[in-house]
Amino acid sequence: MAKKSNSVEFETIQKVIELIKTYFSGKKINLYEEIQELGIDLSIDKKFSSKFSKEIIQYLVENVNYGEFTTYSDIGNAINTKAYRAIGNVMQKNPLPLIIPCHRVIRKNGTLGGFMGETNESWQKNLKLNLLKIEGIK
DNA sequence: TGCATAATAACGA
DNA sequence: TCGTTATTATGCA
């Protein structure tokens, strides 16, 4: 039976789940690369429209690996802007949280910042903290 | 505590 | 569409 080019085999999904399990077990893997190697198209060009947002995401997937973290101002320096709030806006629209490591972006003063649109105490923000703990950051 | 700074959503016209 | 305004996962004086 013919499968559409943009559909994904169940087997592939299982592999993705294994990757995520591996990630949560504490092993250092690059989810973005590993998942893309399974043949799933995660190209940033398709997920983000503006050049501004592409630069931010590219910086993240290329420079912030497992166990590392960055700050909103670091990203600002990297792409030559002081619009730190705009960077947060891009994160909020991240279609692939976890895979694109927006949880590794924290505030310069050491506090967490937000996650998945939430700034107050919430399960989303708590999740961010726990992800960082798993990676040995916080 | 205020202001700068860029993107985006929400409006009206 | 297009201009204006409010909002934002920030940072710094």
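Heavy-atom basis, side chains included; hydrogens, waters and symmetry copies ignored. We name chains A, B, ... by the order of the sequence lines, and we start the count at 1 in each one.
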Closest heavy-atom contact between A:Cys102 and A:Pro97? SG-CA, 4.2 Å
Any chance you could encode DNA chain C as dot-bracket? Rule is Watson-Crick or G-U wobble with both distances under 3.5 Å; [ ] for pairs crossing earlier ones, | for another strand. ||||||||.||||
Determine which pairs satisfy ring pair (Phe, Tyr, Trp, His ring centres under 6.0 Å) with at least one residue from residues 60-104 of chain A, sequence neighbours left out, and list them in order. A:Tyr23-A:Tyr66
Where at least one partner belongs to residues 14-25 of chain A, residue pairs that pass salt bridge (Lys or Arg N to Asp or Glu O under 4.0 Å), sequence neighbours excluded: A:Glu18-A:Lys21
Residues passing the side chain to side chain donor-acceptor pair (under 3.5 Å) test with A:Ser25, sequence neighbours excluded, are none
Within residues 56-75 of chain A or reaching into it, pairs that qualify as salt bridge (Lys or Arg N to Asp or Glu O under 4.0 Å) - sequence neighbours excluded: none
With A:Glu135 via salt bridge (Lys or Arg N to Asp or Glu O under 4.0 Å) - residues at least two apart: A:Arg104
Write down the distance between CZ (A:Arg107) and P (C:dT8), rounded to a whole number of angstrom. 13 Å
Could you check how far CD1 of A:Ile106 sits from C1' of C:dG11, rounded to whole Å? 14 Å
Tell me, which pairs form a salt bridge (Lys or Arg N to Asp or Glu O under 4.0 Å) where one or both residues lie in residues 28-44 of chain A, sequence neighbours left out? A:Asp41-A:Lys46
Would you jot down, in residue-number order, the residues of residues 77-87 of chain A having a non-hydrogen atom under 4.0 Å from DNA chain C? A:Tyr84, A:Arg85
Pairs under 3.5 angstrom only: tabulate donor-acceptor contacts from the side chains of residues 115-126 of chain A to other protein residues two or more places apart or in another chain.
residue, atom, partner, partner atom, Å
A:Ser122, OG, A:Asn120, O, 3.1
A:Ser122, OG, A:Lys125, N, 3.4
A:Lys125, NZ, A:Thr119, O, 3.3

With sequence neighbours left out, the residues meeting side chain to side chain contact (heavy atoms under 4.5 Å, CB included) with A:Lys54 are A:Ile44, A:Asp45, A:Phe48
Classify the nucleic acid contact of A:Tyr72 as base, sugar-phosphate or nothing, counting any heavy atom under 4.0 Å across all strands shown. base
When we call it a touch if two heavy atoms are under 4.0 Å apart, what does A:Lys93 touch: a base, just sugar-phosphate, or nothing? sugar-phosphate
Tell me what A:Gly117 touches on the nucleic acid: a base, only sugar-phosphate, or nothing, going by heavy atoms under 4.0 Å. base
Just the endpoints, please: which first and last nucleotides of DNA chain B, 5' to 3', lie under 4.0 Å from a heavy atom of chain A? B:dA4 to B:dT8
Within 6.0 Å of CD in A:Gln14, more than 12 heavy atoms from elsewhere: yes
The side chain to side chain contact (heavy atoms under 4.5 Å, CB included) partners of A:Leu96 (sequence neighbours excluded) come to A:Leu42, A:Lys47, A:Asn94, A:Ile99, A:Ile100
